[in-house]
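Just so you know, ligand 1 is whichever comes first in the structure, and atom 1 is the first atom listed for that ligand. If you're wondering where the values come from, they're calculated on a predicted model, not measured in any experiment. Just so you know, residue 1 is the first one in the sequence shown, and it goes up from there. Excluded from the calculations below are hydrogen atoms, water molecules and symmetry mates; all remaining heavy atoms, backbone and side chain alike, are included.
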Amino acid sequence: MLIFETISQYQSYLNSCRLKGLKIGFVPTMGALHEGHLSLLREAKKACDIVVCSIFVNPTQFDNPDDLKKYPNTIEIDKKLLKEEACDVLFSPKRELMYPSNTVLSFNFGDLEKVMEGKHRFGHFNGVALIVSKLLHVIQPDKAFFGEKDLQQCRIIETLVEDLFFNVEIIRCPIVRETNGLAKSSRNLRLDETEKQKATILYQSLLKAKQLLKEQSLTISNIKKEISQLYQEAEVYLEYFEIVDAKSLQNIESIKQVEQVAICVAAYINEIRLIDNLVLNEEA
Ligand code: AMP
């Protein structure tokens, strides 16, 4: 695996790939790699000739300095995992390379960023859009792979790429879970065994809401009340639980209103913030 820390090194390699007509697949990450990330790499490997993974903990997308400070760093294990997955290139830039000046450009995604993660993590999607734009310009991939674990992020990036005519295809990949349903996340490394058990409430509550939606005996607002009761009983702080249109991510009053429904949750297990979601397919 080639490891590049500068743009010029990477881009001379990119030019040699282009001359050979090779297709580049890109998986951006913040490291502390787990099966979720690896599933993206495997998809990229299947669809492209060369797979580039980036590891960069992006400061501008953190609204909580403590969360940034405590973000897990397992770079040596990550490199080993990437090699095992036959990843071709690791791009791991220093902070100064990606942010050479103090200028932080602004994006406005309108209603898409006014809900859920955007509402609760101030400036988060501005930071995401900024780093994804920078990385797409540097890496110049044919396809870039993102996990549906971050559903709102997928919609933001799809909007960004479409609106700014980025020459890349965005590929969404399904959520990878532990056997107990907990969505894999780098932040899970910060959970002890009891907390991990407690964290299963996120997926359980998504399944419960899905079942209630299917039964059609409660209104959406009563389903949300029932779910919030579950969290109170479990003594887990629920930040939001939303039932939305999977495309616009806006609240809905009835599932008949939209083509596809998504149920999205954010909750705290002690001070660790976790998110999860379930997109309902017609047959589900
Ligand atoms: P992160 O390192 O958390 O920024 O994540 C990098 C990429 O991996 C993003 O596109 C995430 O959506 C994706 N990802 C993280 N966790 C999972 C998971 N459990 N299943 C699928 N994709 C994931």
Side-chain angles (χ1 to χ4, degrees), residues 25-47 51-64 67-68 70-75 77-79 81-82 85 87 90-93 95 98 116-118 121 124-136 139 141 143-161 168-191 196 199-200 202-203 206 246 249 262 264-266 272-279:
F26 178 42
V27 179
T29 80
M30 297 203 298
L33 302 182
H34 51 67
E35 276 296 319
H37 299 115
L38 302 185
S39 74
L40 268 53
L41 283 160
R42 286 171 202 150
E43 283 308 307
K45 198 84 202 162
K46 270 193 264 168
V51 176
V52 179
C53 176
S54 66
I55 294 184
F56 180 70
V57 181
N58 175 36
T60 60
Q61 73 187 66
F62 285 80
D63 63 334
N64 175 349
D67 192 24
L68 173 61
K70 291 190 177 149
Y71 201 85
N73 176 338
T74 58
I75 187 69
I77 303 172
D78 292 350
K79 283 182 188 165
L81 288 171
L82 289 174
E85 292 300 326
C87 176
L90 167 62
F91 182 63
S92 55
R95 207 174 276 192
M98 297 316 286
M116 304 194 288
E117 292 306 284
R121 301 182 68 189
H124 173 65
F125 286 123
N126 198 61
V128 167
L130 195 51
I131 194 64
V132 170
S133 303
K134 286 172 184 258
L135 287 170
L136 289 177
I139 304 298
K143 296 175 197 268
F145 298 76
F146 293 88
E148 282 191 322
K149 157 92 179 356
D150 299 280
L151 183 68
Q152 194 171 8
Q153 174 171 282
C154 283
R155 290 296 302 122
I156 291 278
I157 291 165
E158 285 160 0
T159 306
L160 174 81
V161 161
V168 61
E169 187 185 347
I170 300 299
I171 313 279
R172 284 189 186 201
C173 302
I175 302 177
V176 177
R177 301 179 179 282
E178 309 272 357
T179 42
N180 65 11
L182 175 64
K184 301 248 184 194
S185 163
S186 305
R187 289 190 174 84
N188 295 354
L189 285 175
R190 293 175 58 198
L191 300 170
K196 259 190 200 158
T200 56
L202 276 85
Y203 188 53
L206 292 172
L249 303 184
C264 305
V265 61
I272 300 141
R273 187 176 186 279
L274 300 175
I275 60 168
D276 200 352
N277 71 79
L278 203 58
V279 176

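- Ionic pairing of Arg273 and Glu117 is present here: one or more N-O contacts between side-chain nitrogen and carboxylate oxygen are shorter than 4.0 angstrom.
- Between Val128 and the choices Leu130, Asn126, Val132, the side chain to side chain contact (heavy atoms under 4.5 Å, CB included) rule is met once, by Val132.
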For ligand 1, run through the N/O pairs with the protein that fall under 3.5 Å and put one pair on each line.
from	atom 1	to	atom 2	distance (Å)
ligand 1	2 (O)	Met30	N	2.9
ligand 1	2 (O)	His37	NE2	2.9
ligand 1	5 (O)	His37	NE2	3.4
ligand 1	10 (O)	Gly147	N	2.9
ligand 1	12 (O)	Gly147	N	3.3
ligand 1	12 (O)	Gly147	O	3.1
ligand 1	12 (O)	Asp150	OD2	2.6
ligand 1	16 (N)	Lys184	O	3.4
ligand 1	19 (N)	Val176	O	3.0
ligand 1	19 (N)	Lys184	O	2.8
ligand 1	20 (N)	Val176	N	2.9

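- Residues in residues 26-41 take part in these salt bridge (charged side-chain N to carboxylate O under 4.0 Å, His left out) pairs, two or more places apart or across chains: Glu35-Arg42.
- Tyr203 is linked by a ring pair (Phe, Tyr, Trp, His ring centres under 6.0 Å) to nothing, counting only residues two or more places apart in sequence or in another chain.
- For the pair Glu158 and Arg172, the salt-bridge criterion is met [side-chain N within less than 4.0 Å of a carboxylate O].
- Take Thr29 and apply the side chain to side chain contact (heavy atoms under 4.5 Å, CB included) test, not counting sequence neighbours, and it matches Val27, Leu33, His37, Cys53, Ile55.
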